[in-house]
Amino acid sequence: MKKIVISTGGGDAPGLNAVIYAVVHACYRRGWEVYGSRNGYKGLLDMDELVRLGLEDVEGIYSLGGTIIGSTNKGDPFAMPVENLAGEIQVVDVSDKILKNFQRMGFDCHIAIGGDGSLEIARKFANKGMPVIGVPKTIDNDLEATDRTFGFDTAVATATEALDKLHSTAKSHDRVMVVEVMGRDAGWIALYSGISGGADAILIPEIPFDIGKVCDKIMDNALHEKDYAIIVVAEGAMALGGEVVSKGNGELGRSEVLLGGIGEWVASEIREKTEKDTRSLVLGHLQRGGSPTTFDRLLAMRFGAAAVRLVEKGIFGHMVALVSPHMSSVALEIAVKSRRKVDMKNDKVFTAREIGICLGD
Ligand code: F6P
């Protein structure tokens, strides 16, 4: 008999519930108990936010977006902002308290579902002696140690559908539509959706772009009687010699700046340089919502089941990973070290260039 606690941390991604579903079912078959720590580590910190998860709690949740146990990207237990009696904000380390609560509850393992930030926290807990297993999640698909993270396929499907819809309105008005998609450090969502959705230009963090090249591409469209254009920009893209566009540090306790605004910047440059009617829109959190695609559901369930197999084998301090076609695992130390960026020798980059998509260089 084992007792497992699951948490979902960082920005949500379609497929989180499917992982929870698989973990609860795989544990039930073994006669093990599962608990959910609500809102990242909050459940383990304030014990009243720990919930017992039975089969009835996860019935049918694999098709739902979001996470039934909540998530947060402001809850680093090693640097948590708390208000003291004088009303001042202090950053404190509450990890010892969490470890004690984990031990007091008699948990055998913590399954931490998260992206790079949450997995780094999981690694620190593993180093403190907590038996931890990581499950890779992020719509950005930027973890090097796994071929795929769940959530990415759904985000790409949402972005591609949006591009399909924008074509008709852009064409009706002979307009340039600039679409900002997510992708903080890596341009995978922009690249996959941009190619699939017939973009004229795709701008990604890995290639600082020359706005003049983008404008040339838009003007060249007229040579073959196309008077509109679709430009896809990843939120982390930047102009040559420029910087990422952000809205500052965001909320208290957030470790990353809030990106956003590069789409409108690109649109205003295009408007000025080409004198074409240009509009911009930000797809934003739409990409994180909704029902996971079949691919993401299946991947998420495979990750969840693989995590439980690791618990059974007593392999801790690892993250489950897809090394196609197999489920594998990699030490958290290694998993958190490197990001998967779009490399210039990737076939999707060749494909984009081959079919005339401008990458801004
Ligand atoms: O890491 C995933 C991600 O969706 C990024 O692409 C984006 O910059 C960030 O999360 C947004 O986070 P928040 O939910 O705090 O706005």
Side-chain angles (χ1 to χ4, degrees), residues 7-16 19 39-40 42 65-67 69-76 79-81 112-122 134-146 148-160 162 179-194 202-206 232-238 243-265 281-290 292-293 296 299-300 319 335-336 338-342:
S7 68
T8 50
D12 68 342
L16 284 169
V19 180
N39 302 323
K42 205 144 187 297
T67 158
I69 53 175
S71 190
T72 177
N73 51 13
K74 290 180 279 185
D76 182 351
M80 190 168 274
I113 314 169
D116 55 324
S118 311
L119 293 171
E120 169 60 14
I121 294 169
V135 175
K137 164 249 52 162
T138 161
I139 66 163
D140 291 353
N141 196 35
D142 58 355
L143 291 176
E144 180 74 8
T146 179
R148 276 291 183 97
T149 54
F150 67 85
F152 172 67
D153 190 65
T154 310
V156 168
T158 300
T160 306
V179 187
E180 182 178 309
V181 298
M182 281 189 172
R184 174 170 285 273
D185 304 300
W188 294 110
I189 297 177
L191 191 61
Y192 274 55
S193 64
I202 302 172
L203 308 177
I204 59 177
E206 293 84 347
V232 179
V233 192
E235 61 183 353
M238 62 190 115
E243 285 177 5
V244 286
V245 182
S246 88
K247 296 174 183 157
N249 285 329
E251 307 91 358
L252 185 68
R254 235 189 110 92
S255 52
E256 294 172 317
V257 291
L258 266 178
L259 295 184
I262 186 67
E264 183 45 37
W265 185 85
L281 76 152
V282 180
L283 284 192
H285 296 79
L286 267 183
Q287 297 157 94
R288 296 229 303 249
T293 58
D296 276 341
L299 180 61
M319 180 191 87
V336 296
S338 49
R339 297 289 187 80
R340 180 192 303 283
K341 304 257 192 165
V342 175

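In listed order, ligands and their atoms are each counted from 1. Just so you know, these numbers come straight off a predicted model, no measurement behind them.
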_Test applied, salt bridge (charged side-chain N to carboxylate O under 4.0 Å, His left out); reference residue, R288; option that passes from D12, D140, D296_ =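 That would be D12.
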Sub-4.5 Å side-chain heavy-atom contact between [X] and [Y]:
X    : Y    : result
R148 : D153 : yes
T72  : K42  : no
F150 : L16  : yes

_Under 4.0 Å from ligand 1 - residues by heavy atom, chain and number_ =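 Contacts of ligand 1 under 4.0 Å: N73, I139, D140, M182, G183, R184, E235, R254, L258, H285, R288.
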*When rounded to the nearest 0.5 angstrom, what distance separates CG in N39 from OG1 in T67?*
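The CG atom of N39 sits 8.5 Å away from the OG1 atom of T67.
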*For E144 and S338, indicate whether the former's side chain and the latter's backbone hold a donor-acceptor pair under 3.5 Å.*
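Checking the backbone N and O of S338 against the side chain of E144, no donor-acceptor pair under 3.5 Å is found.
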